[in-house]
There are 2 protein chains.
Amino acid sequence: MTEVPNTLLGKVMSVLNAFGADDDELGFAELGRRTGLSKATLHRLLGDLAEVRLLDRGTRGYRLGGHLFQLGIRASVERRLVEVSTPYLEDLYERTHETVHLGLLEGHEVVYAAKIGGHRQASSPSRLGGRMPLHATAIGKALLAHSQPSLRTEVLSAPLARRTPRTVVTPGMLRRQLATIRQTGVAYEFEESRVGLACVASPVLGHDGAVVAAVSVAGPTTRFDPRVHAASVHAAATGIALTLIRRATLSSGT
Amino acid sequence: MTEVPNTLLGKVMSVLNAFGADDDELGFAELGRRTGLSKATLHRLLGDLAEVRLLDRGTRGYRLGGHLFQLGIRASVERRLVEVSTPYLEDLYERTHETVHLGLLEGHEVVYAAKIGGHRQASSPSRLGGRMPLHATAIGKALLAHSQPSLRTEVLSAPLARRTPRTVVTPGMLRRQLATIRQTGVAYEFEESRVGLACVASPVLGHDGAVVAAVSVAGPTTRFDPRVHAASVHAAATGIALTLIRRATLSSGT
DNA sequence: CACCGAGTTCCGGTCAGCGGAACTCCGAAG
DNA sequence: CTTCGGAGTTCCGCTGACCGGAACTCGGTG
């Protein structure tokens, strides 16, 4: 649990963050456990949050509220990113017919911001808003390779959690992969986050070279060879980057 | 400006709500104007909000933060709705090659929650998270027709703002249209929100018959005849509704 | 019956948050 | 150059919004 400053906002955030990507509804007691707030405080806070619709009361407990959804959809930079990316992701899906993702760097994890395809089977472990570790996914490695050096140092010095037999858990190995990715602009993953799943990813870089997001295509190893689609993924990512830069320079003249 | 309770949460919400769908970044002073908070209070609040990433500092001011985007994407009911709808919307886009929308009812307006296509020209005035009046859009009329009677009464008794020469502004006319929509499950719009734009929409109804969202296809009157696609739109909406109900009954057994 | 866990209400103490005022910074006008 | 005004920041003492312990209700269980 992250350290929570003793302010109302801190408590609010700890309540909101208590909801993981897979949590539908959480009960009063469960929220109490996750946040560590006293019953009285939590009770009042939940009431207040529900009133402004940051939370909604469900049949079995509380869930993240509709107002939050609206605000999130408006969060300007990310909204613009998703708007700009959508056509490219659709195009990528048309070419590959495999699951396409747009991922953002958040802390030491990837957050999935958009997803196309993959509705026939639960082929990928991702959900919208879900998180995955950086070192075990193609999209994560693409982000990490182009992130600030300080982040790389942090991730490389912490233990790398093993998720499958093929997860890269040795820092040296990961560091070498990241160097390659930085040169080629393409990251691969072979059953490193999940057995049977392969993936290619490419970073979307901003005008200053900072990494903004990453695009990936994932599919089952049985039929999907990520190398075949490396060029398409790379093209989509650079296309998105270019469009973003064009838009930004346009609007700055406003 | 809605009445804001004198609590921190109230102030937080008034800051967040100060951001409209089209606002990218707002400066300190502009936020002060919109929220009515004192400079000192606002300053501290903005700092705190930025710290928890509900706001981000941009070059020209503040914008809705990345954390908000993540939370919004996780807001469970709406997330499920968007996840379930996406394949249907994509399919609809494939059939029509016109702009496809998913809209939610929020207060007396439609909020656009998903959008596919329409990237070649700014054919439709919608943005993700944007709002439109209920009476002047097909998607709005579809929502309104199947909403609670009390909402209809409210909307019909308030003046109906004219947006184009063909906007329906007489309550009687609108009431008759709504009755038809309720029977057929299909709503039309011919240049009522914008000259040159036509649209078909159909409601997504929940297991209890309450309206959850609506799907629409919009295109320019020059090439687009909404009646041709009524069946497709209706099919998409009912498909979404069925999938939602199936999922809900499944997960309730968990 | 007693017991337990979930959720709600009460109430007095206190510190987080409030806002007026004074300040810096910067760009535009004269 | 100086003056001016708007934007943003800091200071500080007052106060009521918020805190949490404790006592409560409610429903299920042995």
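A, B, ... follow the sequence lines: proteins, then strands. Residue 1 opens every chain.
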Please state how far atom [atom1] in [X] lies from atom [atom2] in [N], giving the value in whole angstrom units.
X	N	atom1	atom2	value
B/Arg34	D/dA7	CZ	P	14 Å
B/Leu49	C/dA16	CG	C1'	15 Å
B/Phe28	C/dC25	CZ	C1'	14 Å
A/Tyr62	C/dT8	OH	C1'	10 Å
A/Arg57	C/dT8	CZ	C1'	11 Å
B/Leu46	C/dC18	CG	P	12 Å

Lys/Arg-Asp/Glu bridge criterion (N-O < 4.0 Å) met for A/Glu106, B/Arg53 =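 Between B/Arg53 and A/Glu106 there is a salt bridge, with a charged N closer than 4.0 Å to a carboxylate O.
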ask   = Does a salt bridge link B/Arg80 with B/Glu83, judged by any charged N lying under 4.0 Å from a carboxylate O?
value =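 Between B/Glu83 and B/Arg80 there is no salt bridge, as every charged N stays at least 4.0 Å from the carboxylate O atoms.
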query = How would you list all residue pairs meeting side-chain hydrogen bond (donor to acceptor under 3.5 Å, both in side chains) that involve residues 39-49 of chain A, not counting sequence neighbours?
reply =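 Found A/Ser38-A/Thr41.
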For A/Arg131, salt bridge (Lys or Arg N to Asp or Glu O under 4.0 Å) partners two or more places apart = A/Glu109
task = Could you list the residues that satisfy salt bridge (Lys or Arg N to Asp or Glu O under 4.0 Å) with B/Glu78, not counting sequence neighbours?
result =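 Per chain and number, B/Glu78 pairs via salt bridge (Lys or Arg N to Asp or Glu O under 4.0 Å) with no residue.
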query = Can B/Asn17 and A/His67 be said to form a side-chain hydrogen bond (donor to acceptor under 3.5 Å, both in side chains), step by step?
reply = CA-CA 10 Å; B/Asn17 288 327; A/His67 209 305; 3.3 Å; yes
message = Please encode protein proximity along nucleotides 10-30 of chain D as a string of B, S and -, counting only heavy-atom distances under 4.0 Å.
response = B------SSBBB---------
inquiry  = Applying side chain to side chain donor-acceptor pair (under 3.5 Å), can you list everything that pairs with A/His108, at least two apart in sequence or on another chain?
reply    = A/Glu154
ask   = Reckon A/Arg33 has a side-chain N or O less than 4.0 Å from the OP1 or OP2 of C/dA6?
value = yes
inquiry  = What's the angle between the local helix axes at either end of the helix from C/dC1-D/dG30 to C/dG30-D/dC1, using five pairs per end and rounding to 10 degrees?
reply    =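 One end axis against the other gives 30°.
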ask   = Can you name the one residue among A/Leu54, A/Leu31, A/Val15 that meets side-chain contact (heavy atoms from CB on, under 4.5 Å) with A/Tyr62?
value =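 Single pass found, and it is A/Leu31.
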